[in-house]
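Scope of the values below: all heavy atoms of this structure, side chains included, with no hydrogens, waters or symmetry mates. Every chain is numbered from 1 and lettered A, B, ... according to where its sequence line falls, protein lines coming before strand lines.
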There are 2 protein chains.
Amino acid sequence: MAKLVGMMEEALRASGKRVTPQRRLILKALAEGGEHLDAAALYDRVRAYDSGVSLATIYRTLGVLTEMGLVEGHHLGSDQSRYEVVDSGPHYHFSCLRCGKVIEFTTPWVERIVRDLRERRGIDAVRTHLHISGYCAACHESDKAVSDYS
Amino acid sequence: MAKLVGMMEEALRASGKRVTPQRRLILKALAEGGEHLDAAALYDRVRAYDSGVSLATIYRTLGVLTEMGLVEGHHLGSDQSRYEVVDSGPHYHFSCLRCGKVIEFTTPWVERIVRDLRERRGIDAVRTHLHISGYCAACHESDKAVSDYS
DNA sequence: GTCCATGCAAACTGTTTGCACGCGC
DNA sequence: GCGCGTGCAAACAGTTTGCATGGAC
């Protein structure tokens, strides 16, 4: 965790960016909160450390980190973006349409797809987002009235 | 095309919804524009037919069609949602980071992933979005300076 | 000392909603 | 005729930006 924050500060310095207290807090919140925080949640978390950080700074910092490729934002169905650190290898998201839970998973098949695209269409894939939505095991079980689709 | 519009009108009636001139125009625009229109583009297209349609109606109609499963909206990186008719089987998107072109493709591997999720996690997948971004063959060729990621 | 980063508040964008009227059924 | 669908304009949420101050380097 602390190591992650250190690496990110390093990356900032290496890009000629400054490491301010606010940025440090944001990095800490990102590393601890870990997964799928939206800007508002990140804001709350940062303010829990120190109330002297503005929402604008959250957005500006997220912008910088995203440009540097340290962080990635997704629209997982909801209306606002959720951000996560891109330290670990690629992974994908499932979100439950009923309880909203987000589950990360990995799969080797996406790699297959990327290879196909390269070999058959000359496409150079840089990033891949796979977002599956439906009903998680618990919700699928407790709600048999999942038939408002027909 | 006209057939598609007919089918969608049918579906509306079947759901007890009314078929108004505005909705007819929106369906037409969706069927002709075909792929990946955002609300504003759809609005423009509809107004080209008849200027007496409001943006609110566009959104409300898209909402209805989405609920009925006739249309689907995606966030393809940009800030606003892009909509498309879900007539054909599932397909996935590639978007070029340089020229912005969107390419649809199909792949059998996603089905594999969905099956894995069901068998190993009890997840009932309802819809899947795969969005790959990178550089299309043309842009990959013409731009060897694709190294602002390092 | 130089500039980048910040806070604040106002602006902006995409989308939603309240209300009174009109038209499909 | 009943009630859903519409236009209009205002409201809204999330995000961005202009400007003056302050702090990292």
Side-chain angles (χ1 to χ4, degrees), chain A residues 5-6 8-29 36-47 49-68 70-83, chain B residues 5-6 8-29 36-47 49-68 70-83:
Chain A
V5 172
M8 294 203 280
E9 288 186 10
E10 189 69 21
L12 277 174
R13 286 205 176 81
S15 301
K17 311 287 184 184
R18 292 177 185 170
V19 177
T20 63
Q22 293 91 333
R23 288 186 173 172
R24 231 184 283 261
L25 291 177
I26 293 171
L27 294 179
K28 183 178 168 197
H36 313 121
L37 293 165
D38 58 24
L42 192 58
Y43 181 53
D44 289 344
R45 193 172 268 269
V46 168
R47 286 180 77 95
Y49 302 146
D50 177 342
S51 58
V53 179
S54 81
L55 188 52
T57 297
I58 302 281
Y59 279 109
R60 280 190 276 233
T61 302
L62 283 173
V64 169
L65 295 176
T66 300
E67 268 184 20
M68 295 176 54
L70 294 175
V71 148
E72 217 170 74
H74 311 273
H75 284 279
L76 296 183
S78 49
D79 34 359
Q80 74 309 296
S81 287
R82 304 177 76 172
Y83 298 87
Chain B
V5 172
M8 294 202 279
E9 290 186 9
E10 189 69 21
L12 277 174
R13 287 207 175 81
S15 301
K17 312 285 186 187
R18 292 177 185 172
V19 178
T20 63
Q22 292 90 335
R23 288 185 173 172
R24 232 185 283 261
L25 291 178
I26 292 171
L27 294 179
K28 183 178 169 196
H36 314 121
L37 294 166
D38 59 22
L42 192 58
Y43 181 52
D44 289 343
R45 193 172 268 270
V46 168
R47 285 180 77 96
Y49 302 145
D50 177 342
S51 56
V53 179
S54 80
L55 189 52
T57 296
I58 303 280
Y59 278 110
R60 279 191 276 233
T61 302
L62 283 174
V64 169
L65 296 176
T66 301
E67 269 184 18
M68 295 176 54
L70 294 174
V71 148
E72 216 169 73
H74 311 273
H75 283 279
L76 296 182
S78 51
D79 34 359
Q80 74 306 298
S81 287
R82 304 177 76 171
Y83 298 87

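- Listed by first then second residue, pairs satisfying side-chain hydrogen bond (donor to acceptor under 3.5 Å, both in side chains) with a partner in residues 8-19 of chain B read B:Glu9-B:Arg24, not counting sequence neighbours.
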Please encode protein proximity along nucleotides 16-25 of chain C as a string of B, S and -, counting only heavy-atom distances under 4.0 Å.
BBB-----BS
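- Using a 4.0 Å heavy-atom criterion, one finds that B:Gly52 contacts the sugar-phosphate atoms exclusively.
- Taking atom CD1 on B:Ile58 and atom P on D:dG5, their separation rounds to 15 Å, with Å as the unit.
- Atom CZ in B:Arg82 sits about 15 Å away from atom C1' in C:dG14, given to the nearest Å.
- Here the closest heavy-atom approach between residue A:Leu27 and residue A:Met8 is recorded as CD2-CE, 3.8 Å.
- Between C:dG7 and A:Gln22, a contact under 4.0 Å exists linking OP1 or OP2 to a side-chain N or O.
- For the atom pair A:Arg23 CZ and A:Ile26 CD1, the distance stands at 8.0 Å (nearest 0.5 Å).
- Straight-line distance from the CG atom of A:Leu27 to the P atom of C:dA5: 13 Å, rounded to whole Å.
- For DNA chain D, none of the residues of residues 38-47 of chain B falls under the heavy-atom distance limit of 4.0 Å.
- At its two ends the helix from C:dG1-D:dC25 to C:dC25-D:dG1 runs along axes set 40° apart, each axis drawn from five pairs and the angle rounded to 10°.
- Summarising the geometry, atom NE2 belonging to B:His36 is positioned 13.5 Å from atom OH belonging to B:Tyr83; distances are rounded to the nearest 0.5 Å.
- Counting to the nearest Å, the P atom of D:dG5 and the CG atom of B:Leu62 are 15 Å from each other.
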When the side chains of residues 52-61 of chain B are checked against the rest of the protein, which donor-acceptor pairs come out under 3.5 Å, sequence neighbours left out?
from	atom 1	to	atom 2	distance (Å)
B:Ser54	OG	B:Ala56	N	3.4
B:Ser54	OG	B:Thr57	N	3.3
B:Ser54	OG	B:Thr57	OG1	3.3
B:Thr61	OG1	B:Thr57	O	2.8

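- For the residue pair B:Ala11 and B:Met68, the shortest heavy atom distance occurs at O-CE, 3.4 Å.
- Smallest separation of non-hydrogen atoms from B:Leu37 and B:Ala29: CD1-O, 3.9 Å.
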Expected list for residues 38-46 of chain A: side-chain donor-acceptor pairs under 3.5 angstrom, two or more places apart:
from	atom 1	to	atom 2	distance (Å)
A:Asp38	OD1	A:Ala40	N	3.3
A:Asp38	OD1	A:Ala41	N	2.7
A:Asp38	OD2	A:Gln80	NE2	3.4
A:Tyr43	OH	A:Arg47	NH1	2.5

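- Rounded to an integer number of Å, the gap from B:His75 NE2 to D:dT15 P is 10 Å.
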